[in-house]
Amino acid sequence: MKGITAMKYGFLALGLLSFSACSNDPADYETPVVTVKTEAGDVTCQLYRRDMVLWDRALTKPATLSDEAANAACRNEGGRERNAGTPAEGPATETTTTTAPL
């Protein structure tokens with residue numbers, strides 16, 4: 001019985017260790033910062049994984065632009081990049097890539 005219990009705890013520890021090795025921290029998936037030009041002005045975006053735009057968000061935006069609209073512009077840019085240049089839904093944007101300061 002002791003051997004079976006020890007084996008159960010061993011499998012549990014192995015499972016927890018392998019699960020903790022997976023990262024769900026968006027910072028682990030950051031790509032270079034991009035600037036999206038919108039009608040309201042420039043929006044600086046932090047894009048993440050190329051296969052998912054859920055985390056894409058605005059770092060800076062014009063005061064006249066709502067947070068929701070700025071984040072939508074960033075998600076549109078992430079979608080455009082994901083689709084390898086295919087225009088994303090929404091207004092056309094001009095994008096420049098910049099390097100974030102360390």
**OP:** Enter the distance from Leu47:CG to Arg82:CZ here, rounded to the nearest 0.5 Å.
**Re:** 11.5 Å
Subject >> Which residues share a side-chain contact (heavy atoms from CB on, under 4.5 Å) with Ala63, sequence neighbours left out >> reply: none
Original post:
For the atom pair NZ (Lys37) and CD (Glu77), what is the distance rounded to the nearest 0.5 Å?
Top reply: 12.0 Å
Original post:
Taking all non-hydrogen atoms of both residues, which atom of Gln46 and which atom of Thr31 are closest, and how far apart?
Top reply: NE2-O, 2.8 Å
Original post:
Of all heavy-atom pairs between Ala40 and Leu65, which one has the smallest distance, and what is that distance?
Top reply: CB-CD1, 4.0 Å
Subject >> Whether Trp55 and Tyr48 hold their rings parallel, tilted or perpendicular, with breakpoints at 30° and 60° >> reply: perpendicular
Original post:
Among pairs that include at least one residue of residues 43-58, which meet salt bridge (Lys or Arg N to Asp or Glu O under 4.0 Å), considering only residues two or more places apart or in two chains?
Top reply: Arg49-Asp51, Arg50-Glu81
Subject >> Exercise: identify the closest heavy-atom pair between Ala69 and Ser66 >> reply: N-OG, 3.0 Å
**OP:** For Cys74 and Val43, work out which heavy atoms get closest and say how close.
**Re:** SG-CG1, 3.8 Å
